[in-house]
Amino acid sequence: MWALHTPHNFQSSSASTHFRFPTRTSSRQPICSLTLNPSNPTKTDANYNQLIQSLCKQGSLKRALQVLPHEPDPTQHTYELLILSCSRLNSLSDGLDVHRHLADAGFDQDPFLATKLINMYSELDSIDNARKVFDRTHKRTIYVWNALFRALTLAGYGQEVLDLYHQMNQIGIPSDRFTYTYVLKACVASESLVSLIHKGKEIHAHILRHGYDALVHIMTTLVDMYARFGCVSYAGCVFDSMPVRNVVSWSAMIACYAKNGRPFEALELFREMILETHDSIPNSVTMVSVLQACAALAALEQGKLIHGYILRRGLDSILPVISALVTMYARCGKLELGQLVFDQMEKRDVVSWNSLISSYGIHGFGKRAIQIFKEMVSHGVSPSHVSFVSVLGACSHAGLVEEGKMLFASMVKEHGIYPSVEHYACMVDLLGRANQLDEAARIIEEMRIEPGQKVWGSLLGSCRIHCNVELAERASRRLFELEPMNAGNYVLLADIYAEANMWDEVKRVKKLLDARGLQKIQGRSWIEAKRKIYSFTSVDEPNPQMEQLHALLVRLSTEMKERGYMPQTKAVLYDLEPEEKERIVLGHSEKLAVAFGLINTSRGETIRITKNLRLCEDCHSVTKFISKFADREILVRDVNRFHHFKDGICSCGDYW
DNA sequence: ATAGGGTTAG
């Protein structure tokens with residue numbers, strides 16, 4: 001005999017031996033009596049299936065599983081609901097249990113249920129079991145294949161999907177429209193270092209050949225795939241070719257621009273979306289990308305307008321949107337506004353906290369960032385790997401070496417998070433900037449995962465700051481192998497040689513750069529004034545005020561020299577006369593932007609500038625001078641962090 | 001016969 005506890009969500013009288021279905025008519029008629037002997041099937045046993053199904057629908061999986069052994073003949077539908085319940089309740093052990101029952105009953109060759117099982121294991125992060133189900137299923141319908149493709153893609157096994165897809169084609173099973181979306185995603189979900197873009201283009205061709213090029217879902221996936229490969233123009237071509245677009249397509253294309261360093265285009269496309277479409281109304285997902293674009297541009301006025309739009313559209317209570325707002329304000333130099341948005345949040349998740357931590361980090365408030373990190377933990381929010389990237393980054397900007405080491409050690413010990421390349425890169429950066437280059441190198445040697453370009457890149461960057469030729473050569477050797485087309489690495493190495501006066505070596509590196517058809521990334525600074533964004537490069541570009549700007553800089557330079565300013569020209573990669581070098585650094589884009597700000601903004605207004613590269617030392621010291629004797633606050637965001645210049649002092653404490 | 005797809009925060 002067996003007994004069941006009374007489910008609390010059942011209307012039950014004091015007699016706990018009777019189950020009642022909660023029905024709309026509140027019938028009190030017992031459907032089946034569980035005191036019956038289940039091994040002796042009677043007519044009422046037909047209701048066990050119904051009972052199990054009903055329990056599943058109510059979320060009482062445990063009870064459904066207790067009833068299951070007593071149903072002599074569970075139906076496909078019963079198993080389906082059981083499987084779905086296991087995913088919903090996130091219980092792998094129950095899932096395995098259901099799977100066992102189903103196999104015992106001979107249902108495991110049912111392709112419909114195999115699909116469901118694969119989906120279940122996928123959601124329960126048990127990819128091996130999903131594979132097993134697939135392997136054991138003889139009759140593999142396209143649904144079964146697609147389910148496995150989806151599961152493997154989500155788990156990051158893109159290459160495996162593509163191999164299986166090849167097999168499927170060999171056998172002659174035709175793809176359907178769902179197959180294409182999964183295999184396209186598989187191309188970018190590959191953990192391998194080789195780019196699978198060729199594969200993606202091949203599948204793109206298949207899609208065109210099979211006439212699937214009018215389907216919004218597939219086309220949007222293609223846009224997204226090219227976006228993730230960084231092929232912005234390809235994504236744009238697909239987007240332009242779409243006969244029908246919807247919110248998701250627009251959002252994907254806007255995200256493509258926002259994530260690939262094309263924030264202007266992102267905002268432009270958003271404008272177009274609003275003005276030219278009637279059926280594609282921007283949603284919260286769209287707005288997140290738009291906010292990212294504003295953040296990238298440091299376009300505060302734009303960002304405020306977008307914030308207004310978000311409020312009008314009632315999208316201001318959606319977590320991702322709010323986190324993006326926090327970041328946008330902080331990256332536009334308004335840390336206090338970011339904090340305000342954060343304070344007003346009713347609910348916070350780990351991402352909201354991460355936004356705030358990294359915001360304080362890039363503004364150089366390392367201690368405050370650590371404090372917020374601890375506050376998050378004390379609120380019961382478990383840090384994610386990004387939390388550690390953010391907080392370690394904050395330590396790095398503020399030179400908090402000991403604190404960073406302690407946090408790094410706590411990752412595994414206290415939070416069970418194993419450091420990834422990103423975390424190692426943070427540590428190398430932290431130690432390297434603090435001139436503990438040997439220890440940074442030691443960390444790399446002790447890494448149990450492949451260091452990769454991020455880590456070597458951090459080391460090379462630190463070598464640039466502290467002019468360590470030997471280590472720089474080691475790091476760059478690896479980097480030239482890993483990312484031969486990244487001009488930045490060659491330039492860093494050349495910088496280091498130049499500072500060490502090794503001009504032959506500088507020439508050699510430059511030749512390497514030329515041989516690969518690469519160019520030094522041009523320095524660019526921009527400033528928002530009167531709702532427009534003005535962009536400057538060191539090369540003369542048509543700007544009506546250019547002469548005026550140059551004249552102002554020459555005058556300032558003379559004045560500064562009288563007060564002890566010494567031009568620092570080591571960023572110049574040519575072996576030139578000092579005067580010539582001086583002339584070059586005086587034309588740096590950041591100084592032009594500062595001069596423009598002095599002329600075109602009112603006194604008392606903070607000059608806010610953004611730069612695409614790391615601030616050079618000469619620009620840094622000149623801006624300090626200017627902040628003092630022009631009595632202006634100047635806020636500069638370089639590629640890594642903020643510099644807040646005031647009274648001749650920079651918030652970075654000359655440590656950046 | 002049934003089933004499933006695309007964009008998003010740090």
Side-chain angles (χ1 to χ4, degrees), chain A residues 75-77 79-80 83-84 110-120 122 141-151 153-154 175-185 188 212 215-225 227-228 235 238-239 242 244-259 273 280 282-292 295 315 318-328 330-331 338 341-342 345 348-362 369 373 376 383-391 393-394 422:
Chain A
T75 64
Q76 188 197 42
H77 185 53
Y79 281 124
E80 183 195 356
I83 292 168
L84 291 176
D110 179 344
F112 177 79
L113 288 178
T115 306
K116 295 286 172 192
L117 278 173
I118 292 171
N119 290 340
M120 176 191 81
S122 164
T141 61
I142 190 65
Y143 284 96
V144 178
W145 285 94
N146 288 347
L148 187 69
F149 289 166
R150 176 172 172 264
T153 299
L154 285 173
S175 306
D176 70 0
R177 57 213 174 100
F178 293 93
T179 317
Y180 286 119
T181 55
Y182 298 135
V183 292
L184 285 177
K185 281 174 90 65
V188 273
Y212 282 117
L215 293 178
V216 153
H217 276 93
I218 295 186
M219 290 292 103
T220 305
T221 313
L222 264 174
V223 169
D224 181 54
M225 181 193 76
R228 285 175 204 265
V238 176
F239 182 76
M242 289 174 73
V244 183
R245 302 182 191 122
N246 61 20
V247 212
V248 184
S249 336
W250 283 94
S251 305
M253 194 60 221
I254 291 172
C256 170
Y257 285 132
K259 286 213 158 52
M273 180 185 184
S280 296
N283 62 17
S284 64
V285 181
T286 324
M287 297 324 295
V288 167
S289 295
V290 174
L291 287 171
Q292 279 176 344
L315 299 170
I318 293 164
L319 276 182
V321 174
I322 311 176
S323 301
L325 272 172
V326 172
T327 305
M328 183 277 287
R331 289 183 52 86
V341 173
F342 180 87
M345 291 178 81
R348 294 172 189 138
D349 63 0
V350 64
V351 183
S352 341
W353 286 97
N354 292 348
S355 303
L356 197 67
I357 293 168
S358 65
S359 294
Y360 276 94
I362 54 169
F373 176 88
M376 170 182 84
S384 67
H385 69 279
V386 184
S387 312
F388 281 101
V389 174
S390 306
V391 76
E422 277 189 281

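Here is the naming used below: chain letters follow the sequence lines, and residue numbers restart at 1 for every chain.
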Taking atom [atom2] of [N] as reference, at what distance in whole Å does atom [atom1] of [X] sit?
X      : N      : atom1 : atom2 : value
A:Q76  : B:dT2  : CD    : P     : 12 Å
A:M225 : B:dT7  : CE    : C1'   : 15 Å
A:D224 : B:dT7  : CG    : P     : 5 Å
A:H385 : B:dA9  : NE2   : C1'   : 13 Å
A:L325 : B:dG10 : CG    : P     : 11 Å
A:H77  : B:dA3  : NE2   : P     : 12 Å
A:R177 : B:dA3  : CZ    : P     : 12 Å
A:R245 : B:dT7  : CZ    : C1'   : 15 Å

Side-chain donor/acceptor of A:T221 to base of B:dG6, under 3.5 Å: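 No.
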Between the base of B:dG10 and the side chain of A:S384, is there a donor and acceptor pair under 3.5 angstrom?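 Answer is yes: a donor-acceptor pair is held.
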Nearest heavy-atom pair of A:L291 and A:M328: which atoms, and what distance?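 Residues A:L291 and A:M328, closest heavy atoms: O-CG, 3.7 Å.
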A:S175 and A:Y212: which non-hydrogen atoms are nearest, and at how many Å? O-OH, 3.9 Å
Considering only [options], which nucleotide approaches the side chain of [X] most closely?
X      : options              : answer
A:T141 : B:dG6, B:dA3, B:dG5  : B:dA3
A:S355 : B:dT8, B:dT2, B:dG10 : B:dG10
A:L319 : B:dG5, B:dG6, B:dA9  : B:dA9
A:V216 : B:dA9, B:dG10, B:dG6 : B:dG6
A:F112 : B:dG5, B:dA3, B:dA9  : B:dA3
A:N283 : B:dT7, B:dG6, B:dA9  : B:dT7

Take A:N354 and A:S390, measure what side-chain hydrogen bond (donor to acceptor under 3.5 Å, both in side chains) needs, and give me the verdict at the end. CA-CA 7 Å; A:N354 292 348; A:S390 306; 5.0 Å; no
Name the nucleic acid region contacted by [X], choosing base, sugar-phosphate or nothing; use a 4.0 angstrom heavy-atom cut-off, strictly under.
X      : value
A:I218 : base
A:D176 : base
A:N119 : nothing
A:T115 : base
A:S249 : base

Determine, answering yes or no, if A:Y182 is stacked on B:dG5 under the 5.5 Å centre rule and the 30° plane rule.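 Per 5.5 Å and 30° rule: no stacking.
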A:H217-B:dG6 aromatic stacking (under 5.5 Å, under 30°):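 Per 5.5 Å and 30° rule: no stacking.
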Atom pair [atom1] ([X]) and [atom2] ([Y]), whose distance is rounded to the nearest 0.5 Å:
X      : Y      : atom1 : atom2 : result
A:M242 : A:L222 : CE    : CG    : 9.0 Å
A:L113 : A:Q76  : CG    : CD    : 5.0 Å
A:D176 : A:I142 : CG    : CD1   : 5.0 Å

Does A:K259 place a side-chain N or O at less than 4.0 Å from the phosphate oxygens OP1/OP2 of B:dG10?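 So the side chain of A:K259 is outside the cut-off, no N or O lying under 4.0 Å from OP1 or OP2 of B:dG10.
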Between A:R150 and B:dG6, is there a side-chain N or O to OP1/OP2 distance below 4.0 Å? no
